[in-house]
Structure formats: C-alpha cells, structure tokens
2 protein chains.
Amino acid sequence: MSQKQLGIEAGFDPSSASPRMNQYEKGKHHPDATTVAKLCEVLGVPVAYLYCDDDDLARVIANFSKVGEKDRKRILAIVDTVKQS
Amino acid sequence: MSQKQLGIEAGFDPSSASPRMNQYEKGKHHPDATTVAKLCEVLGVPVAYLYCDDDDLARVIANFSKVGEKDRKRILAIVDTVKQS
DNA sequence: TCGAATACTAAGGATTCCTTAGTATGCTAA
DNA sequence: TTAGCATACTAAGGAATCCTTAGTATTCGA
C-alpha cells in the first residue's frame, strides 16, 4: 500500500495525503494521537503496541485480541501474582 | 502531587508548568508524545497503558515489568498459541 | 525509454501550543 | 472569621508546529 493510500484510508484529504504521510515517515512532522489511532486502525495494529519498548510485552499486546477467554484468564492469573506495592 | 509539581518533575519550565498541566487535564490542549512519555515516567505508568482500551490487556501492561522471567515465558507461550494469519 | 505512479521536499497559510498575566477556589493557621 | 498562601483554572497572544499547495525526484512497468 502506498503512503498516499494509507493516508486516504485513514481519512486524510486525498489531495494532501501523500505529503502528510511522507512527512510522518521521514520524521519531518509528527501525527497527533487521533491520527496515530486512525493509522493504526487501518494497519490493524493496536496503538499500545507502538508505545511499548519491551519486546516480550509487545508480543503480548500484538496478539492479545486473538487470545481466547480461558487463556486470558490464565494470563491474568499469572500477572496478578506479582506483589502489590 | 499538584498539577504544577507534576509538570515541573516532567521537565516543564516551572513558570508555566501549572497552566500547561491544567490545560492538559481540562482538555484545552493536548501534550505531544514526548511530553506524554515524560509524564508517564514521573507517574510510573507505562505509556502503552494509556493507549489500551481493553481492561484485561491494560492489567497485563501495567504489571508486566514486575513479572519474573519464568512467568513471562509462560505468558508468551500462551500468547503464541494463537493462530497465525 | 516513455508514462504513470510513487516518493519526497520547500514554503507559507492555518492551526495548535506554550507562556504570561491574572482571577478563582480551597485550605490552614492566627 | 479571615488573612495568607497554595492550588486550580482561564484568556489572550506570540511562538511553534502542522497541513496544504505546488512542484521536483525517483521508481517501475509496458
């Protein structure tokens, strides 16, 4: 998918979608939170995934929506064993 | 902790920390990604936690840094059982 | 190698933000 | 009570950033 097309599907004005996307990708400008959310929606990536620097946790975030109810419970049970401060 | 103090600890200019924080909390303006990261650092909250709308996953994100190596492996093993698309 | 699609950039008007200055509100000690 | 202070909050404008326009550069397939 082209930069332009991605922007269009995220709801950008088609006439400026290309430069906008390019400026984001090149780091010239930064999308605001709403724009990031729309791009993530198009790309099928959880927004939280972008803001996670722990690779293990990133894998959990990326796949959690596909984890079934029982396995979720198992994961939460493990997580909840951490000592409360 | 006061709004002002939170801003100062996040590195804001002390003379404008109070209005800035208030504008963020009232929704008048929105902090950029770098500012969000600094505020999260001060508050001890993972940035990804803010961008997660699934309560179960939010719990995982909030506590993952305190989960030990073995339990991490167990969680990843569960997550990796999801069907690859 | 021509044409079209895509990638990329400069520049400026449009938008948003940070800062200043100040008011309003809550709280504590005299 | 109320004087004094910390905190919360707001308006307005200069400062910074972005979106848009216009255009050039690059890639790629016919």
Side-chain angles (χ1 to χ4, degrees), chain A residues 1-66 82-85, chain B residues 1-66 82-85:
Chain A
M1 170 168 8
S2 70
Q3 294 175 343
K4 180 181 181 179
Q5 187 60 26
L6 173 54
I8 289 173
E9 291 186 24
F12 296 4
D13 184 320
S15 68
S16 61
S18 174
R20 276 185 72 183
M21 283 306 309
N22 191 267
Q23 286 159 351
Y24 296 154
E25 296 200 1
K26 289 292 178 183
K28 178 74 179 296
H29 292 311
H30 305 281
D32 63 22
T34 302
T35 302
V36 170
K38 288 176 182 171
L39 292 172
C40 282
E41 175 73 24
V42 173
L43 296 172
V45 177
V47 178
Y49 180 83
L50 297 185
Y51 297 96
C52 178
D53 34 34
D54 180 315
D55 289 344
D56 289 342
L57 180 53
R59 267 167 68 197
V60 176
I61 292 172
N63 295 295
F64 200 76
S65 70
K66 297 186 288 252
V82 300
K83 295 211 176 54
Q84 312 301 329
S85 60
Chain B
M1 168 164 14
S2 70
Q3 294 176 343
K4 179 180 180 179
Q5 186 60 26
L6 173 55
I8 289 173
E9 290 186 24
F12 295 4
D13 185 321
S15 68
S16 61
S18 175
R20 275 186 73 183
M21 283 306 309
N22 192 267
Q23 285 159 351
Y24 295 154
E25 296 200 1
K26 289 291 177 181
K28 178 73 179 295
H29 292 312
H30 305 282
D32 62 23
T34 302
T35 302
V36 169
K38 288 176 182 171
L39 292 172
C40 282
E41 175 73 25
V42 174
L43 296 172
V45 177
V47 179
Y49 180 82
L50 297 185
Y51 296 97
C52 178
D53 33 34
D54 181 314
D55 290 343
D56 289 342
L57 180 53
R59 268 165 69 195
V60 176
I61 292 171
N63 295 295
F64 200 76
S65 69
K66 297 186 287 256
V82 301
K83 295 210 176 56
Q84 313 300 328
S85 62

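Here is the naming used below: chain letters follow the sequence lines, and residue numbers restart at 1 for every chain.
- For the pair B:K28 and B:K4, nearest-nucleotide mapping onto DNA chain D gives the more 5' position to B:K4.
- Here A:T35 contributes atom OG1 and A:Y24 contributes atom OH; the two are 4.5 Å apart, rounded to the nearest 0.5 Å.
- In this structure, A:K26 atom NZ and C:dA10 atom P are separated by 12 Å, rounded to whole Å.
- Atom NE2 of B:H30 and atom P of D:dA16 are 21 Å apart (whole Å).
- Taking the side chain as every heavy atom from C-beta outward, B:L39 and B:M21 approach each other to under 4.5 Å.
- The phosphate of D:dC18 (OP1 or OP2) has no side-chain N or O of A:R20 nearer than 4.0 angstrom.
- Enclosure of atom OH in B:Y49 is not indicated, since only 12 or fewer non-hydrogen atoms of other residues, nucleotides or ligands lie within 6.0 angstrom.
- Checked against C:dT19, D:dT21, C:dC8, the side chain of A:S16 finds its nearest nucleotide in D:dT21.
- Using a 4.5 Å heavy-atom threshold, the side chains of B:L6 and B:Q3 count as separate.
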Contact string for nucleotides 24-30 of chain D, one letter per nucleotide 5' to 3', B = base within protein heavy-atom range under 4.0 Å, S = sugar-phosphate only, - = neither, reads -------
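- For the pair A:M1 CE and C:dA7 P, the computed distance is 11 Å after rounding to whole Å.
- Heavy atoms of A:P31 sit nowhere under 4.0 angstrom from any nucleic acid atom.
- At distances below 3.5 Å, not a single donor-acceptor pair connects side-chain atoms of A:N22 with backbone N or O atoms of A:S18.
- Look at B:S18 and you won't find any side-chain N or O under 4.0 angstrom from OP1 or OP2 of D:dC9.
- With rounding to whole Å, B:E25 atom CD is found 7 Å from D:dC9 atom P.
- Listed candidates were C:dC18, D:dT20, C:dT19. Nearest to the side chain of B:H29 is C:dC18.
- Distances shorter than 4.0 Å separate none of the side-chain N or O atoms of B:Y24 from OP1 or OP2 on C:dC17.
- Environment of CD in B:E41: sparse, with no more than 12 heavy atoms of neighbouring residues, nucleotides or ligands closer than 6.0 Å.
- Per the geometry, CG belonging to A:D13 stands 9 Å off C1' belonging to D:dC19, to the nearest Å.
- The distance between atom CE of B:M21 and atom P of D:dC9, rounded to the nearest whole Å, is 11 Å.
- Side-chain nitrogen and oxygen atoms of A:Q23 include none within less than 4.0 Å of the OP1 or OP2 phosphate oxygen of C:dC8.
- Relative ring orientation between B:Y51 and A:Y51 is described as parallel, the plane-to-plane angle staying below 30° on a 0-90° scale split at 30° and 60°.
- When the C1' atom of D:dA11 is taken as reference, atom CG of B:N22 falls 13 Å away, rounded to whole Å.
- Atom pair A:D32:CG and C:dC17:C1' shows a separation of 13 Å (rounding to whole Å applied).
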